[in-house]
Amino acid sequence: MLNMKNLLKTAGFMIIATLLAKFAGMYRDILFASLFGTGSAAQAYLTASRIPLLFFDITLGAAVSAAFIPVYNGFVEEKKYEDARIFANSFITLVFLITGALCVIGIIFSEPIVQLIGNDLSPETVELAAKLVVVLFPSMIFTALAYSVAGLLQSLGEFNVPAAISLVSNGFMVIYLLVFGDKLGIFGVSVAMLISWSFQLIIEIPALIRKKYRFTPTVNLKNEGIKKSVLLALPILISSWVQPINTTINIYLASGLSGGQAVPALDYANKLYIILVGVLTYAVSNLIFPSLSRAAQNPDKTEFQKLSKNALRIICALVLPVMALFLVLSTPLVRLVYERGEFTSQSTALTASALRFYSMGMLGFGIGEIANKIFYSSKDGKTPMYVAMTGITVNILLSFVLVKGFSAGIAGLAFSASVASALISGILVFIINKRYKILDRKFLINFLKQLVSAFLMGLITYFVSCSFDVADSFTAKILALVFPGGAGLIIYIIMLALLKTEEFGDIRNILIKQKKETKTEEN
């Protein structure tokens, strides 16, 4: 088990690696947007690249690691090491067979699938997207195997390599786009993307060898571990469908908006949205999950309640300022990141509109991720599943009503997704509080202080941003983002201190402890 020093070191590496991966991914999108903009090639590629990931998310997705890790570690805790190895081999082999079969089906029916998802794309764009799907579908196999091996490595005590796989993948795509640009066309980009996904699996293999893990292809559906993982996976899988189904509905409806340009605009906005909120949320949830799982086994739920409360408190403190910044600075952020080459001011307006309304669901996204981990740690996958199904239904209905009934366009799609996220997180927290009584007076007062701090931060950011004129120079774009954002963040930190929030107290205690340890070492 990691001690506190190693835990912080590992956590630091994970956060840095994930941030670098996200920024590399953002730079990849910047390069792609400058080369292909929101035209037909971009529409075809971004539609096609989503389809294998949607298949993976719907059929395996989050359940791969969430179902593997507890079962594998259960064998290890009982010192059944050979049973653990046999289960891991059977699990990885089964994942390969399932994704291989889905890949064949996807390639055979590529054009009908594209027509179903991008129903209003032009015939030429559909035809191109169908060809690109054939190239990209094998990426699902590499994704699933990489996730499976990552779960195995984490169970074996290796966290750094799994944290770095996305950085390697995105880094390869950045190098490709810098070197080749659009010289090999959209097919060249697709082949490069497939290779980049394969690297996620390839770089994990040496780590497995170092851990002296022996893989032998095994098919045993009667294996005790396989049965346990399947029973655990099903509710987790269904509860993870919110994001892929939301994405599918968005593509379906967006293909008929703004001549199809809404499809890449939504994709660009969603990627920007995930860069920060995803890094913060996944870092907190992945770090707290093992501790929650151990605490959940104790009949005395005091520690479990404390960990759950702290995780929710911390995620609120981290996500709220990001949410405020994205709401106020969506346009200058999109202009700085994407507006160049084929990505015009019209593309900026579409993408910024989507980002602004996506941002309304940031807090719900973060809280929902933590809440899911709280349920999974107590071996309850059914509750998040039922709540997720409710959220999916609301998103679908609201999307059709806003887009088809009220002509809300791209903003209506993003807003529907945000409402679904907020609804899901609200219901989950309500149920958690009913079971474990975590929303006490102290927690609610602290949350109110966080909200006040974020609100004032948003106001200051807005007023400062009004003093900056729209300009085309790169320096002006940076200043229009950095100065308002920096002023807002300073206000947020000051408010946390003035209102004496728990987060400020945590930071102060850490600094005091560090100062004492430094004096002790000097003496």
Side-chain angles (χ1 to χ4, degrees), residues 53-74 91 94-95 98-99 102 140 143-144 147-148 151 225-250 278 281-282 284-286 288-290 292-293 295-297 301 304 308 311-312 315 361 363-399 416-436 438:
L53 294 179
L54 286 171
F55 265 61
F56 170 69
D57 287 338
I58 291 173
T59 56
L60 293 171
V64 170
S65 58
F68 176 85
I69 292 175
V71 175
Y72 181 88
N73 283 282
F91 188 92
L94 185 61
V95 167
I98 292 173
T99 53
L102 290 172
M140 182 175 62
T143 302
Y147 275 43
S148 301
I226 293 296
K227 292 179 181 179
K228 288 181 179 179
S229 62
V230 169
L231 290 174
L232 184 59
L234 287 175
I236 294 175
L237 179 62
I238 295 174
S239 65
S240 70
W241 285 354
V242 176
Q243 193 66 23
I245 290 181
N246 285 352
T247 301
T248 304
I249 295 300
N250 283 351
T281 300
Y282 295 139
V284 173
S285 65
N286 289 339
I288 202 70
F289 191 29
L292 278 172
S293 299
Q297 307 310 311
K301 298 299 181 184
F304 183 75
S308 299
L312 289 171
I315 205 64
L363 187 60
F365 178 90
I367 292 176
E369 176 66 19
I370 299 298
N372 281 334
K373 289 296 192 295
I374 292 172
F375 282 105
Y376 298 156
S377 63
S378 57
K379 296 181 180 178
D380 179 5
K382 291 184 179 180
T383 300
M385 176 186 73
Y386 294 135
V387 176
M389 291 171 66
T390 302
I392 291 170
T393 303
V394 169
N395 178 64
I396 293 173
L397 292 176
L398 191 57
S399 294
S416 299
S418 293
V419 170
S421 294
L423 178 65
I424 289 170
S425 65
I427 295 174
L428 289 176
V429 171
F430 176 81
I431 297 172
I432 291 171
N433 184 59
K434 191 173 181 180
R435 292 182 184 178
Y436 305 111
I438 62 173

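Between Pro384 and Asn372, the shortest heavy-atom distance links the atoms CB-OD1, 3.3 Å. Taking each heavy atom of Met385 and Pro235 in turn, the nearest pair found is CB-O, 3.4 Å. Closest non-hydrogen pair, Ala388 versus Ile424, comes out as CA-CD1, 4.3 Å. Nearest heavy-atom pair across Gly391 and Ala420 is O-CB, 3.5 Å.
The CG atom of Asp380 lies 11.5 Å from the CD1 atom of Ile374; values are rounded to the nearest 0.5 Å. Note that CD1 of Ile396 and OG1 of Thr393 are 6.0 Å apart. Values are rounded to the nearest 0.5 Å. Here CD1 of Ile98 is found 11.0 Å from CZ of Phe56. Values are rounded to the nearest 0.5 Å. To the nearest 0.5 Å, the span separating OH on Tyr386 from CG on Leu428 amounts to 14.0 Å. Between Ser425 atom OG and Ile370 atom CD1 the span is 12.0 Å, to the nearest 0.5 Å. Atom CG of Leu312 is separated from atom CD1 of Ile438 by 5.0 Å, given to the nearest 0.5 angstrom.
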Quick one, Ile432 with Phe375, criterion side-chain contact (heavy atoms from CB on, under 4.5 Å). Give me CA distance, side-chain angles, the key distance, then yes/no.
CA-CA 8 Å; Ile432 291 171; Phe375 282 105; 3.5 Å; yes
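Side-chain contact annotation: Ser308 with Arg435, donor-acceptor N/O pair under 3.5 Å absent.
Ser418 contributes a side-chain N or O that, together with a main-chain N or O of Gly361, makes up a donor-acceptor pair within less than 3.5 Å.
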